[in-house]
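Below you'll find the structure, written out as structure tokens, and then a few comments.
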Amino acid sequence: MPRRSPLLAALILAGAALATSGCLGLPESDTEPVRPAAGPSASRSPLPPPAKDDVVALLTKLMGAQYTYHVESNLPDEATGKVNASGGYDHAGQVFEEDVTISGTGNSDGHLHRIVFGHDLYSRDKDSERWVHLDLSRLKSQTLYGVNMDDPTGLATFAKTVVSATATGPHAYKGLFAPTGDQFLPIGRPSVIAFYTKNAPFTLETDDRGNVTSIHIEMELTDKPTFVATTTFAGHGQALAAKRPAKNRTAEADSLYYG
């Protein structure tokens, strides 16, 4: 059986922390809540209109476009663990790139660079000058290797989990989403597995053209640091700079990967 890279193992272990600790530390409600004294009814500000459909539409627009992204997040199971990732996605051209660095974890620190063109995945770590080529079309499941070209940046999964949203400004929204067991955290670098029983907050911002420019999510954990991830997006509609590695710098993956 193929072995997972230390980097991927670190991310999955980080997800295990979310799996075992994913519950909000909400205070218990008072059994006898304080009631306002009787009197003239105070005027209330009208509630902002629901904007869930607007948020989903913005995410859907981004999914079908070209863009680059940058992710920063912590790793709740590691006191000083950090994820720093960047890359890009071209839906029409089926091109995906990610360059990920894990730091602050000690033995699990690492760096992984991967580029996907259609069914061709090329990957290498920081200690290698050669890329390894893997044919995704021959795999029983792409997600076993942390790649899902139907949703490589996790945006489609995130859009399905949005529970509610309201506009907080001309280009800003806040809302709640329901994390699932799918690989989609952090948004843009979908390799932390989350099992979470509560809704979690997010904020989303756009530019003047309605392009999503940032998504910020938080998941409050019991006896663990809050999981915080911020993804910024740029280069909307622009061609990606990713290129296939030269053949003389590429080796084929072991046949065991296709077993």
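The shown structure was predicted, so the numbers you read here are calculated from the model rather than taken from an experiment.
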Do His113 and Glu97 pass the side-chain contact (heavy atoms from CB on, under 4.5 Å) test, and can you show the C-alpha distance, the side-chain angles, and the key distance before you say yes or no? CA-CA 8 Å; His113 190 184; Glu97 182 174 16; 2.7 Å; yes

After noting the C-alpha distance and the side-chain angles of Leu134 and Leu139, does the key distance pass the side-chain contact (heavy atoms from CB on, under 4.5 Å) rule? CA-CA 9 Å; Leu134 189 68; Leu139 300 177; 3.8 Å; yes

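Nearest heavy-atom pair, Pro179 versus Lys198, reported as atom, atom and distance to 0.1 Å: CD-O, 3.5 Å. Residues Leu176 and Phe202 share a closest heavy-atom pair of N-CE2, 3.4 Å. In terms of heavy atoms, Lys243 sits closest to Phe117 at C-CZ, 3.5 Å. The two residues Pro245 and Trp131 have their closest heavy-atom pair at CB-CD1, 3.4 Å. Closest non-hydrogen pair, Ala242 versus Val95, comes out as CB-CG1, 4.2 Å. The two residues Tyr196 and Ala200 make their nearest non-hydrogen contact at CE2-CB, 4.1 Å.
With contacts defined as side-chain heavy-atom distances shorter than 4.5 Å, the pair Glu220/Glu218 does not qualify. Between Val100 and Val83, the closest side-chain pair of non-hydrogen atoms falls below 4.5 Å. Between Leu240 and Phe96 the shortest side-chain heavy-atom distance does not fall below 4.5 Å. Residues Glu78 and Ile102 have side chains not in contact (no heavy-atom distance under 4.5 Å, counting atoms from C-beta outward).
Side-chain atoms of Thr80 come within 3.5 Å of backbone atoms of Gly104 as a donor-acceptor pair (strictly under, hydrogens ignored). For the pair Asn74 (side chain) and Val228 (backbone), a donor-acceptor distance under 3.5 Å is present. Panel note: side chain His91, backbone Leu62; no donor-acceptor pair is recorded below 3.5 Å.
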Could you give the side-chain donor-acceptor pairs of residues 155-166 under 3.5 Å, partners two or more places apart or in another chain?
from	atom 1	to	atom 2	distance (Å)
Thr157	OG1	Asp151	OD2	2.8
Thr161	OG1	Phe158	O	2.8

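Every residue meeting the side chain to side chain contact (heavy atoms under 4.5 Å, CB included) condition with Ser137, not counting sequence neighbours, appears here in chain and number order: His119, Asp135. Residues satisfying the ring pair (Phe, Tyr, Trp, His ring centres under 6.0 Å) test with Tyr89, not counting sequence neighbours, are none. For Val132, the side chain to side chain contact (heavy atoms under 4.5 Å, CB included) criterion is met by Ser123, Ala253, not counting sequence neighbours. Not a single salt bridge (charged side-chain N to carboxylate O under 4.0 Å, His left out) links Asp125 to another residue, sequence neighbours left out. Scanning for side chain to side chain contact (heavy atoms under 4.5 Å, CB included) contacts around Glu72 gives His70, Asn84, with sequence neighbours left out. Shown here are the ring pair (Phe, Tyr, Trp, His ring centres under 6.0 Å) partners of His133, two or more places apart in sequence or in another chain: Tyr122. Residues satisfying the ring pair (Phe, Tyr, Trp, His ring centres under 6.0 Å) test with Tyr69, not counting sequence neighbours, are none. Taking the salt bridge (charged side-chain N to carboxylate O under 4.0 Å, His left out) definition, one finds that Arg130 meets it with nothing, sequence neighbours left out. In this structure, Tyr173 has no side-chain hydrogen bond (donor to acceptor under 3.5 Å, both in side chains) partners at least two apart in sequence or on a different chain. Under the side-chain hydrogen bond (donor to acceptor under 3.5 Å, both in side chains) criterion, Gln66 pairs with Asp90, sequence neighbours left out. For Lys61, the side chain to side chain contact (heavy atoms under 4.5 Å, CB included) criterion is met by Asn211, not counting sequence neighbours.
Taken from CD in Glu98 to CD1 in Ile115, the straight-line distance is 10.0 Å, to the nearest 0.5 Å. Atom CZ of Phe177 and atom CD1 of Ile215 lie 9.5 Å apart (nearest 0.5 Å). Between Asp120 atom CG and Arg244 atom CZ the span is 4.5 Å, to the nearest 0.5 Å. Here the straight-line distance linking atom CZ of Arg124 with atom CG of Leu112 works out to 10.5 Å at 0.5 Å rounding. If you take CG on Leu185 and OG1 on Thr180, they are separated by 8.0 Å, rounding to the nearest 0.5 Å. Separation of atoms OG1 (Thr168) and CD (Glu205) is listed at 7.5 Å; rounding is to 0.5 Å.
Under the 4.5 Å side-chain heavy-atom criterion for ILVMFWY residues, a single connected hydrophobic cluster contains both Val116 and Met63.
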